[in-house]
Amino acid sequence: MKEPAVSADPTQVLAFETDCHIFDGCGFPAPGLHSFLFEPLAGNADGNGFYFNKPMLLALLGSVIIVGFFWAAFARPKVVPGKLQMIAESGYDFIRRGVVYETLGKREGEKYVPLIVTLFFFIWMMNLWSIIPVAQFPVTSIIAYPAGLAAIVYILWVSLTFKRHGFVGFFKNVTGYDKSLGAVLPLAMLIEFFSNLIVRPFTHAVRLFANMFAGHTLLLLFTIASWYLLNGIGIAYAGVSFVMTIIMTAFELFIQAVQAYVFVLLTCTYIQGALAEHH
């Protein structure tokens, strides 16, 4: 049996890092959880103390890129915008008008525009790393990042609800209190309480994480398969797999933007619920 030759990092198996092909007597190096694990670029491998790995580096670089882009676009704004300013204004205005204003209204929503715009472009950039050469990894496929973003939204929602309605109003808001429900009111309140305070932040994070995790796994699968089948009669199948890789890359590009949009749209919906008067 011929064993695949892997890189110095045993947690990463990429198509170009193995000489394993079909009909060579070696198994298909399928992607799995190991494809989402990375050796530290700095710090301890056991995770104790300081730890810095590739997803952290990509998150940091992504933040710098986003800040740098908008800084360059708006540092010296012109009445007649240049190409960079026009692109930045279009993206900013799309989120402001198409998401925030549509959900919260102009008067209530204006103060939340910076947060929502930041969330959208940060998430989109973290997703885009999946199809950028060399990087080739969506940061949001690591659950800690969507969970952290969902926690920010959750804390904002809870604090806004308390601030707007007080303790009693908060209780009614999260439990869906409605005395007209009669005998089923206690059960309905329990379900709403569990749904709003526990399920909501969980699903908010998992929706983004699961889509990016699945998308990256599929891209890896077809990419590795294209290389693995590149031998003998398998070349014909390798071509099909390569075409699927291109199709999946284009589809993933669409999904990356959609998931960033859905995340901020849900964020605005939660804020709207916190600000709405309870009836």
Side-chain angles (χ1 to χ4, degrees), residues 3-18 20 26-66 119 121-152 201-228 241-242 244-260 262-263:
E3 296 294 331
V6 298
S7 65
D9 179 1
T11 65
Q12 300 180 52
V13 180
L14 300 180
F16 55 84
E17 293 181 317
T18 176
C20 179
C26 58
F28 176 64
L33 290 179
H34 61 273
S35 305
F36 296 83
L37 301 175
F38 295 89
E39 290 294 318
L41 301 174
N44 300 320
D46 58 8
N48 295 323
F50 177 75
Y51 184 85
F52 190 80
N53 61 10
K54 179 178 178 179
M56 295 177 184
L57 176 62
L58 293 179
L60 180 61
L61 287 176
S63 300
V64 171
I65 289 172
I66 294 169
L119 281 174
F121 283 101
F122 178 77
I123 293 171
W124 192 17
M125 186 69 241
M126 297 305 99
N127 295 346
L128 278 173
W129 283 124
S130 174
I131 60 172
I132 295 178
V134 181
Q136 295 175 306
F137 185 80
V139 177
T140 45
S141 66
I142 303 295
I143 186 61
Y145 293 93
L149 295 172
I152 293 173
F202 176 77
T203 57
H204 199 193
V206 170
R207 182 181 287 104
L208 174 59
F209 156 74
N211 277 279
M212 291 302 100
F213 184 93
H216 186 60
T217 301
L218 285 173
L219 280 178
L220 280 178
L221 180 65
F222 285 112
T223 301
I224 295 174
S226 298
W227 181 262
Y228 179 72
S241 182
F242 180 71
M244 284 301 302
T245 302
I246 297 175
I247 293 174
M248 286 304 303
T249 298
F251 182 68
E252 188 68 6
L253 184 62
F254 170 73
I255 294 299
Q256 289 162 358
V258 168
Q259 287 305 310
V262 169
F263 191 94

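Any value given below was found using the heavy atoms of this structure, including those in side chains, with hydrogens, waters and symmetry copies removed.
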Enquirer: Which heavy-atom pair separates F263 from A150 by the least distance, and what is that distance?
Expert: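 Closest pair (atom of F263, atom of A150, distance): CZ-N, 3.8 Å.
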Enquirer: I'd like to know whether F251 forms a side-chain contact (heavy atoms from CB on, under 4.5 Å) with L218, so could you lay out the CA-CA distance, the side-chain angles of the two residues, the decisive distance to 0.1 Å, and finally the verdict.
Expert: CA-CA 11 Å; F251 182 68; L218 285 173; over 6 Å; no
Enquirer: Distance check, rounded to the nearest 0.5 Å: L149 atom CG versus L208 atom CG?
Expert: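 Interatomic distance, L149 CG to L208 CG, rounded to 0.5 Å: 7.5 Å.
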Enquirer: Mind checking whether M125 and F122 have side chains closer than 4.5 Å, heavy atoms only?
Expert: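 No. Closest side-chain heavy atoms not under 4.5 Å.
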Enquirer: If every non-hydrogen atom of L220 is compared with every non-hydrogen atom of S35, which pair is closest and at what distance?
Expert: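 Closest heavy-atom pair between L220 and S35: CD1-CB, 3.5 Å.
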Enquirer: Report yes or no: does N127 contribute a side-chain atom to a donor-acceptor pair with the main-chain N or O of S130 at less than 3.5 Å?
Expert: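 No.
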Enquirer: Kindly indicate whether the side chain of I123, heavy atoms from C-beta on, has any atom under 4.5 Å from the side chain of Q256.
Expert: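 Heavy-atom side-chain distance check fails, nothing below 4.5 Å.
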Enquirer: Mind checking whether I224 and P29 have side chains closer than 4.5 Å, heavy atoms only?
Expert: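 Answer yes - side chains close enough.
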Enquirer: I need the minimum non-hydrogen distance between Y51 and P40, along with the two atoms involved.
Expert: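 Closest heavy-atom pair between Y51 and P40: CE1-CB, 3.6 Å.
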Enquirer: Run the side-chain contact (heavy atoms from CB on, under 4.5 Å) test on M56 and Y145 for me, step by step, so that the C-alpha distance in whole Å, both residues' side-chain angles and the decisive distance to 0.1 Å come before the verdict.
Expert: CA-CA 10 Å; M56 295 177 184; Y145 293 93; 3.3 Å; yes
Enquirer: Taking atom CZ as the centre, does F52 end up with more than 12 heavy-atom neighbours from other residues, nucleotides or ligands that are less than 6.0 angstrom away?
Expert: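 Buried by this count: over 12 neighbours within 6.0 Å.
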Enquirer: Between M248 and T245, is the side-chain contact (heavy atoms from CB on, under 4.5 Å) condition met? List the steps.
Expert: CA-CA 5 Å; M248 286 304 303; T245 302; 5.9 Å; no
Enquirer: Tell me which one of E252, Q259, H216 satisfies side chain to side chain contact (heavy atoms under 4.5 Å, CB included) with N211.
Expert: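 So, applying the side chain to side chain contact (heavy atoms under 4.5 Å, CB included) to N211 and each of E252, Q259, H216, only Q259 qualifies.
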Enquirer: Got a second to check how far L41's CG is from L57's CG, nearest 0.5 Å?
Expert: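 So the gap between those two atoms works out to 6.0 Å.
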Enquirer: Is there a side-chain contact between I142 and F137, using heavy atoms and a 4.5 Å cut-off?
Expert: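 With C-beta onward as the side chain, the pair touches.
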Enquirer: Going through the distances and angles, do I246 and F242 end up as a side-chain contact (heavy atoms from CB on, under 4.5 Å)?
Expert: CA-CA 6 Å; I246 297 175; F242 180 71; 3.5 Å; yes
Enquirer: Using a 3.5 Å distance criterion without hydrogens, assess whether the side chain of K54 forms a donor-acceptor pair with backbone atoms of L37.
Expert: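 No: the side chain of K54 does not pair with the backbone of L37.
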Enquirer: What pair of heavy atoms forms the shortest contact from M126 to G62, and how long is it?
Expert: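 In this case the closest contact between M126 and G62 is CE-CA, 3.6 Å.
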Enquirer: Give the ring-plane orientation class for F36 versus F213, where under 30° counts as parallel, over 60° as perpendicular and anything between as tilted.
Expert: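 Rings of F36 and F213: parallel, as their planes differ by under 30°.
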Enquirer: For L61 versus W129, what's the shortest heavy-atom pair and its separation?
Expert: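 Here L61 and W129 meet closest at CB-CZ2, 4.0 Å.
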